[in-house]
Amino acid sequence: QVHLVESGGGLVQPGGSLRLSCAASGSIMSIGPMGWYRQAPGKQRDLVATITAGGGANYADSVKGRFTISRENAQNTLYLEMNSLKPEDTAVYYCNARIVQSGRYAYTDTWGQGTQVTVSS
């Protein structure tokens, strides 16, 4: 079994910053593309940013220029640096990754449990 665990969420004032982390663990052979998604109450889960194994990144228009996605492959860790936060960024943020488990020949699309980000004064 493989697991993704998000951390770093919390309450922050508008204009503030947070850094989210996502740690992968288990019998991991390799990790392909990874991404951050978010879901606000009563709304769909939306893409925030993705990053390839080689470091190529893409962002939703709503966060472009404010958020930065990165990864440390040796540590199996994904990050999301969030700056200039707005109330509309309030959501549960989920980590996603395509993980090839040891001894297998196909990837598993894996989700974390989510971490709450609340932007409010």
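The residues of the chain are indexed from 1 along the displayed sequence. As the structure is a prediction and not an experimental result, all values here were calculated from the model.
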**OP:** Might you confirm whether atom CD of Q44 has over 12 heavy atoms from other residues, nucleotides or ligands at distances under 6.0 Å?
**Re:** no
Original post:
Roughly how far apart are L18 CG and M82 CE, rounded to 0.5 Å?
Top reply: 4.5 Å
Original post:
Are any of the side-chain heavy atoms of V12 and T118 separated by less than 4.5 Å?
Top reply: no
Original post:
Considering residues, nucleotides and ligands other than R19, do more than 12 of their heavy atoms fall under 6.0 Å from its CZ?
Top reply: yes
Subject >> Heavy-atom side-chain contact between L78 and L80 under 4.5 Å >> reply: no
Subject >> Six-ring centre of Y94, R45 cation under 6.0 angstrom, axis tolerance 45° >> reply: yes
Original post:
Would you find a donor on one side and an acceptor on the other, under 3.5 Å apart, between the side chain of S62 and the backbone of A60?
Top reply: no
**OP:** Please tell me if the side chains of Y79 and L20 come closer than 4.5 Å, counting only heavy atoms from C-beta onward.
**Re:** no
Subject >> Contact check, side chains of N58 and T52, non-hydrogen atoms, under 4.5 Å >> reply: no
Original post:
Are side-chain heavy atoms of D46 and Y37 found at a separation under 4.5 Å?
Top reply: no
**OP:** Compare every heavy atom of M34 with every heavy atom of C95, then report the nearest pair and how far apart it is.
**Re:** SG-CE, 4.4 Å
Original post:
Are L47 and W111 connected, step by step, through hydrophobic side chains (Ile, Leu, Val, Met, Phe, Trp, Tyr) whose heavy atoms are closer than 4.5 Å?
Top reply: yes
**OP:** Identify the heavy atoms of I31 and A53 that sit nearest to each other, and give their distance.
**Re:** O-CB, 4.0 Å
**OP:** Can you see which heavy atom on S121 is nearest to which on P14, and at what distance?
**Re:** N-CD, 3.7 Å
Original post:
Does a donor on one side chain and an acceptor on the other come within less than 3.5 Å for S21 and E6?
Top reply: no
**OP:** Mark yes or no for whether N96, through its side chain, and T110, through its backbone, hold a donor-acceptor pair below 3.5 Å.
**Re:** yes
**OP:** With the side chain counted from C-beta on, respond yes when N83 and F67 share a heavy-atom pair under 4.5 Å apart, and no when they do not.
**Re:** no
Subject >> Candidate pair T108 and Q101, rule side-chain hydrogen bond (donor to acceptor under 3.5 Å, both in side chains), full reasoning >> reply: CA-CA 8 Å; T108 299; Q101 300 181 58; 3.2 Å; yes
Subject >> Shared hydrophobic cluster, Y59 / L85 (ILVMFWY, side-chain heavy atoms < 4.5 Å) >> reply: yes
Subject >> Check: K43 main-chain N/O paired with Q39 side-chain donor or acceptor under 3.5 Å >> reply: yes
Subject >> Residue pair S30 / Y107, side-chain heavy-atom distance below 4.5 Å >> reply: no
**OP:** Considering non-hydrogen atoms only, spot the tightest contact between V5 and Q113 and give its length.
**Re:** CA-OE1, 3.6 Å
**OP:** Kindly indicate, with the supporting measurements, whether the criterion side chain to side chain contact (heavy atoms under 4.5 Å, CB included) is fulfilled by L11 and S120.
**Re:** CA-CA 7 Å; L11 176 64; S120 176; 4.3 Å; yes
Original post:
Do you know which of T90, D89, T115 makes side chain to side chain donor-acceptor pair (under 3.5 Å) with R38?
Top reply: D89
Original post:
Sub-3.5 Å donor-acceptor pair from the side chain of N76 to the main-chain atoms of S25, do we have one?
Top reply: no
Subject >> Main-chain N/O of D109 paired with R98 side-chain donor or acceptor, under 3.5 Å >> reply: no
**OP:** Treating Ile, Leu, Val, Met, Phe, Trp and Tyr as nodes and any side-chain heavy-atom pair under 4.5 angstrom as an edge, say whether W36 and V2 lie in one connected cluster.
**Re:** yes
